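Inspection log for the structure reproduced underneath, given as structure tokens.
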Amino acid sequence: MSRLALLGGSPLRTAPWPRWPARSEEEERAVLAALRDGDWGGFPLPNERSAHFAEAFARRHDSRFALPVTNGTVSLEVALQALGVEPGGEVIVPAYTFEATASAVLFAGAVPVLADVEPDTYCLSPAAVESVITPQTQAIVPVHLAMVIADMDSLNDIAARHGLAVLEDCAHAHGARWKGRAVGALGNAGSFSFQTSKLMTAGEGGIVTTDDEAVLDRLHALVNCGRQRPGRERDVPVVGHNYRMTDLQAAILEVQLGRLDEQHERRARNAARLAAGLREISGLVPLRVDERITTQAIYQYVLRYDAEAWDGLPRDRFVAALAAEGVPCEGVFYENLADSPLLPLDAQRYPAWAAAYERRADCPVARRAAYQESVWLSHHLLLGEGSDVDDILAAIRKVYDARHELLRAEHPEFGRRAKARTRRD
């Protein structure tokens, strides 16, 4: 048995992985065309290229309208405001997600209320949502996480019964479909991110989708310094920011949209190979893919790690060993939001968040996912060939075979991770 790289052996994988962001001469030509015509900015809103991109993105996602913005946090913030969420109103978000899902609620002047997630998908639990609804609840923000889609049938039913808006956080889910319909068109509005790691990227950027023209009108004013949408000046004036996307970004994103389907197919093919190989290894189970998901978007391939099946080896030791073998992976990819250092409890600045934290529901599934169970593999690892997938599996088997040695070993990396865990517990 070869020695683990973490303990002084040679890594199983030294070859580079497929690069991300994926790019070609198409992006270069698109950016040069925008550069040469000198029309770079986001004003007027939307500018020519951003308008063209927005129309294409809306069509691809079964929506009447789409409006590009500066990033995915802003898209959540302005979408909540455009949907009518009022200052002090409560918005239910999953406890296991990126902090921006909750911080955008704060930026919109509302109160993020954490609800636990499902143990086999890590998406918002409908039962947990029901348990935290109050007379102040105004909206639900389901997050389509990593490689799965939240149970939109159940969540929409809850929202309809309680008169709540539904804003889909689709930052991971570009092009995904639920029962044949695209995410972003399953609720009242959808929010997408184009940050560097996402399935489509211009470095930064975001977009909001909706079928509601009144929502679009309010979005325009919120994003364009309060200016009303041309020809729609009967709307209530609002104070807006400059949250416009530039045409340089839109030029890149239109190219990225054009290759999304091919990338989905490649990731799906390699994900199936990975899943087949994992069935032969104890204690690593992918997130459950609901049969109602008709097109899967794989932002990250997420595994549920069972330490008992690895004879008590902690998840973080497994992750450190796998990364040392040349397979990029993460354990604490997301925090349990109640424990997150990026959401400090500053009662003076965010009294609503502090008050919500004090009466928060326990979210044991989110805590377990964050600190014991989840293993995140980046989507770019699945953009290569079958041999790349075989290397991932071989590295996992190598770590499994050496699990007892790894359990006994001392390593500085283990102490660092243990201290980080202690600060959260």
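Counting begins at 1 with the first residue of the sequence. Because the structure is predicted, anything quoted here is derived from the model rather than measured.
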Heavy-atom donor-acceptor pair, N156 side chain to M152 backbone, under 3.5 Å: yes

Residues R269, E265; criterion salt bridge (Lys or Arg N to Asp or Glu O under 4.0 Å); working and verdict: CA-CA 6 Å; R269 184 167 59 250; E265 292 170 5; 5.7 Å; no

Side chain proximity check, E90 to T134, heavy atoms < 4.5 angstrom: yes

Criterion ring-ring contact (aromatic ring centres under 6.0 Å, His included) on H174 and Y299, from CA distance to verdict: CA-CA 9 Å; H174 310 69; Y299 166 62; 8.2 Å; no

Donor-acceptor contact present, side-chain R288 to main-chain V148, <3.5 Å: no

Ring geometry between F333 and W376 (parallel below 30°, tilted from 30 to 60°, perpendicular above 60°): parallel

Sidechain-backbone polar pair: E325 side chain, L12 backbone, donor-acceptor under 3.5 Å: yes

Pi-cation contact, W17 with R13 (under 6.0 Å, within 45°): yes

Side chain proximity check, I149 to H144, heavy atoms < 4.5 angstrom: yes

Over 12 foreign heavy atoms within 6.0 Å of CZ, R349: no

Short side-chain to backbone donor-acceptor contact, Q138 and E86, under 3.5 Å: yes

Within 45° cone of Y400 ring axis and under 6.0 Å: R403 NZ or CZ: yes

Side-chain (Y350) to main-chain (S103) donor-acceptor, under 3.5 angstrom: no

Minimum side-chain heavy-atom gap T137-V113 below 4.5 Å: no

G386 backbone acceptor or donor facing R273 side chain under 3.5 Å: yes

Distance-minimising heavy-atom pair for Y334 and A370: O-CB, 3.4 Å

Side chain to side chain, L83 and L167, heavy atoms closer than 4.5 Å: yes

Close side-chain approach of S197 to Q300, heavy-atom, < 4.5 Å: no

Side-chain (E335) to main-chain (L337) donor-acceptor, under 3.5 angstrom: no

Any side-chain heavy-atom pair of S75 and I207 under 4.5 Å: no

T196 backbone acceptor or donor facing W20 side chain under 3.5 Å: yes

Under 3.5 Å, side-chain donor or acceptor atoms of residues 52-60 against the rest of the protein: list the pairs with distances, not counting sequence neighbours.
{"from": "H52", "atom 1": "ND1", "to": "E254", "atom 2": "OE1", "distance (Å)": "3.3"}
{"from": "H52", "atom 1": "ND1", "to": "E254", "atom 2": "OE2", "distance (Å)": "2.5"}
{"from": "R60", "atom 1": "NH2", "to": "D261", "atom 2": "OD1", "distance (Å)": "2.3"}

Close side-chain approach of D151 to D290, heavy-atom, < 4.5 Å: no

Any side-chain donor near an acceptor of the partner, Y122 and E373, under 3.5 Å: yes

Partner set under salt bridge (Lys or Arg N to Asp or Glu O under 4.0 Å) for R267, not counting sequence neighbours: none

Exercise: do S378 and Y301 side chains pair donor with acceptor under 3.5 Å: no

Steps toward side-chain hydrogen bond (donor to acceptor under 3.5 Å, both in side chains) verdict (S191, D169): CA-CA 5 Å; S191 166; D169 185 335; 5.1 Å; no

Side-chain donor or acceptor of H220 paired with backbone N/O of L67 under 3.5 Å: no

Stepwise salt bridge (Lys or Arg N to Asp or Glu O under 4.0 Å) test for K198 and E204: CA-CA 9 Å; K198 299 302 188 292; E204 292 291 353; over 6 Å; no

E385 atom CD, neighbour heavy-atom count above 12 within 6.0 Å: no

